[in-house]
Visitor: 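Quick one: the structure is below, and I'll ask about it shortly.
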Amino acid sequence: MANFRYIARTERGERVVGTIAGATSQAAVAELHARRLAPVEVKPVRTAWAQRRRVTTRQLATAYRQI
């Protein structure tokens with residue numbers, strides 16, 4: 001299951017911000033509807049693993065040359 005950060009509105013129009021777990025973003029939206037919230041924005045939360053910088057092609061070529 002993934003975590004999603006959401007911004008939603010209550011029936012009174014109050015803004016609610018939080019995180020919710022769901023298999024997909026559609027499942028997270030369905031859960032928000034079940035809580036009687038109107039989702040404004042639902043985005044996946046990036047984990048530390050997903051935030052790592054990628055290895056550039058130049059760095060990879062240099063590493064292969066050194067091997």
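As the structure is a computational prediction, the values presented were derived from the model and not from experiment. Residue numbers run from 1 in the order of the sequence given. Computed from heavy atoms alone, side chains included, the values below leave out hydrogens, waters and symmetry copies.
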Visitor: Which atom names give the shortest non-hydrogen contact between G22 and F4, and what distance separates them?
Guide: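 Looks like O-CE1, 3.4 Å.
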Visitor: So, taking the atom named OG1 in T10 and the one named CG in L37, what distance separates them when rounded to the nearest 0.5 Å?
Guide: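 One finds 7.0 Å between OG1 of T10 and CG of L37.
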Visitor: For residues V40 and V17: do they belong to one hydrophobic cluster (side chain heavy atoms under 4.5 Å, members Ile, Leu, Val, Met, Phe, Trp, Tyr)?
Guide: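 Yes, V40 and V17 fall within the same hydrophobic cluster.
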Visitor: Between side-chain atoms of residues 57-67 and protein atoms elsewhere (two or more places apart, or another chain), which donor-acceptor pairs fall under 3.5 Å?
Guide:
{"unit_1": "Q59", "atom_1": "OE1", "unit_2": "T56", "atom_2": "N", "d": "3.0"}
{"unit_1": "Q59", "atom_1": "OE1", "unit_2": "T56", "atom_2": "OG1", "d": "3.3"}
{"unit_1": "T62", "atom_1": "OG1", "unit_2": "R58", "atom_2": "O", "d": "2.9"}

Visitor: Run the salt bridge (charged side-chain N to carboxylate O under 4.0 Å, His left out) test against R36 and tell me which residues pass, sequence neighbours left out.
Guide: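 Testing R36 for salt bridge (charged side-chain N to carboxylate O under 4.0 Å, His left out), a comparison that skips the adjacent residues, returns E11.
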Visitor: Between E14 and R9, is there a side-chain heavy-atom distance shorter than 4.5 Å?
Guide: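 When only atoms from C-beta onward are counted, E14 and R9 do not touch, as no gap falls below 4.5 Å.
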Visitor: To the nearest 0.5 Å, what is the distance between OG1 (T19) and OH (Y6)?
Guide: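 With rounding to 0.5 Å, OG1 (T19) is 7.0 Å from OH (Y6).
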Visitor: Minimum heavy-atom separation for P39 and H33, please, with both atom names.
Guide: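 Scanning both residues completely, I find the closest heavy atoms to be CD-CE1, 3.8 Å.
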